[in-house]
Amino acid sequence: MVRENEIRDAEVAVAAPAATDAGLVFIGRIRTPWTSRLTCPRQGRHDGPLCRIELFAPWGQALDGIERFERLEVLYWLHRSRRDLVRQSPANNGEVHGTFALRSPVRPNPIGTSIVTLTGRENATLLVRGLDCLDDTPLLDIKPDRTLFTPIAPPQPGDFQTGE
Ligand code: SAM
């Protein structure tokens with residue numbers, strides 16, 4: 001269920017430490033049809049509405065070559081989220097989960113990610129489908145979808161060991 005900023009039964013908020021400045025810059029903004037969390041989808045769909053990712057100056061030329069990729073990963077800042085819950089109930093049904101076991105927008109650093117389909121570019125603006133954020137959400141980064149890349153080296157014996 002959609003949350004404004006309330007705390008629900010059995011949820012746990014903590015005194016979050018003061019923010020440190022990691023030097024992040026918002027490189028653009030995302031234009032979507034959704035102005036309310038009541039109507040915003042929980043995850044994007046590739047047959048969803050066309051959205052615009054507008055890069056601020058001077059970042060437009062950083063898009064050069066992007067048309068080669070049909071899918072992109074977009075990272076954005078869920079700027080209207082609270083940031084202090086460690087246990088939360090997204091469905092507001094009494095079931096609580098640790099924040100890092102969820103894709104909820106409520107997290108200490110409210111970074112959202114979506115894999116989007118690129119349908120066009122107009123100078124410093126990308127036209128995409130597959131987003132799930134509110135109109136005017138700040139943009140953090142854009143990368144080609146990682147699944148379009150193959151690993152440079154094949155897995156070696158001993159890779160991926162756990163418990164060390
Ligand atoms: N796809 C991203 C992910 O998995 O990292 C975000 C998933 S999150 C469940 C999507 C929800 O975040 C939306 O349904 C909406 O309720 C909320 N949301 C979207 N944009 C937001 C914003 N700018 N600030 C706060 N909440 C936002």
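Each ligand, and each atom within it, is numbered from 1 in the order the structure gives.
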Closest protein heavy atom (residue, atom, distance) for atom 24 (N) of ligand 1: Arg80 N, 3.0 Å
Per-residue contact class, Pro110 against ligand 1 - non-hydrogen pairs under 4.0 Å: neither
For Arg121 and Leu63, run side chain to side chain contact (heavy atoms under 4.5 Å, CB included): C-alpha distance rounded to whole Å, both residues' side-chain angles, the deciding distance at 0.1 Å, then the answer. CA-CA 9 Å; Arg121 175 182 171 188; Leu63 295 175; 3.7 Å; yes
With heavy-atom distances below 4.0 Å as the criterion, list the atoms of ligand 1 near Gly112. 5 (O)
Protein heavy-atom partner closest to atom 18 (N) of ligand 1 - residue, atom, separation in Å: Leu78 CD2, 4.0 Å
For atom 20 (N) of ligand 1, what is the closest protein heavy atom, and at what distance to 0.1 Å? Leu134 N, 3.0 Å
Which of these, His79, Arg107, Arg42, Arg3, has its nearest heavy atom closest to atom 23 (N) of ligand 1? His79
of all protein heavy atoms, closest to atom 4 (O) of ligand 1 is Arg103 NE, 2.6 Å
Polar side chain donor-acceptor pair, Glu70 to Thr117, under 3.5 angstrom: no
For the CD atom on Gln61, are there more than 12 heavy atoms of other groups (residues, nucleotides or ligands in this structure) within a distance under 6.0 Å? no
Worked check of side chain to side chain contact (heavy atoms under 4.5 Å, CB included) between Leu148 and Arg71: CA-CA 8 Å; Leu148 300 172; Arg71 290 189 309 279; 3.2 Å; yes
Using a 4.0 Å cut-off to any heavy atom of Cys40, which atoms of ligand 1 qualify? 13 (C), 14 (O), 15 (C), 19 (C)
Criterion side chain to side chain contact (heavy atoms under 4.5 Å, CB included) on Asp145 and Leu72, from CA distance to verdict: CA-CA 5 Å; Asp145 176 4; Leu72 306 172; 6.0 Å; no
Considering heavy atoms of the protein only, find what lies nearest to atom 25 (C) of ligand 1 and give residue, atom and distance to 0.1 Å. Ser81 OG, 3.3 Å
Using a 4.0 Å cutoff against the non-hydrogen atoms of Cys133, which atoms of ligand 1 qualify? 19 (C), 20 (N)
Work out which heavy atom in Val74 is nearest to a heavy atom in Val116; give both atom names and the distance. CG2-CG2, 3.7 Å
Can you list every pair that meets side-chain hydrogen bond (donor to acceptor under 3.5 Å, both in side chains) and has a residue in residues 9-24, with sequence neighbours left out? Arg3-Glu11
Between the side chains of Arg103 and Thr113, does any donor sit under 3.5 Å from an acceptor? yes
Does any N or O atom in Thr137 lie less than 3.5 angstrom from one in ligand 1, N or O only? yes
Atom indices of ligand 1 within 4.0 angstrom of Ser114 heavy atoms, with elements: 1 (N)
Please determine whether the number of non-hydrogen atoms from other residues, nucleotides or ligands lying under 6.0 Å from atom CG of Asn123 exceeds 12. no
Which residue and non-hydrogen atom of the protein lie closest to atom 17 (C) of ligand 1, and at what distance in Å? Pro105 CG, 3.8 Å
If you count the non-hydrogen atoms of other residues, nucleotides and ligands that lie under 6.0 Å from CZ in Phe149, is the total more than 12? yes
Within less than 4.0 angstrom of ligand 1, does Tyr76 place any heavy atom? yes
Can you list the atoms of ligand 1 that are under 4.0 Å from a heavy atom of Arg37? 15 (C), 16 (O), 25 (C), 26 (N)
Below 4.0 Å from ligand 1: does a non-hydrogen atom of Asp132 turn up there or not? yes
for atom 14 (O) of ligand 1, nearest protein heavy atom and its distance come out as Pro41 O, 2.8 Å
Around atom 5 (O) of ligand 1, find the nearest protein heavy atom and jot down its residue, atom name and distance. Thr113 N, 3.0 Å
Given side chains that start at C-beta, do those of Ile111 and Leu78 come closer than 4.5 Å, heavy atoms only? no
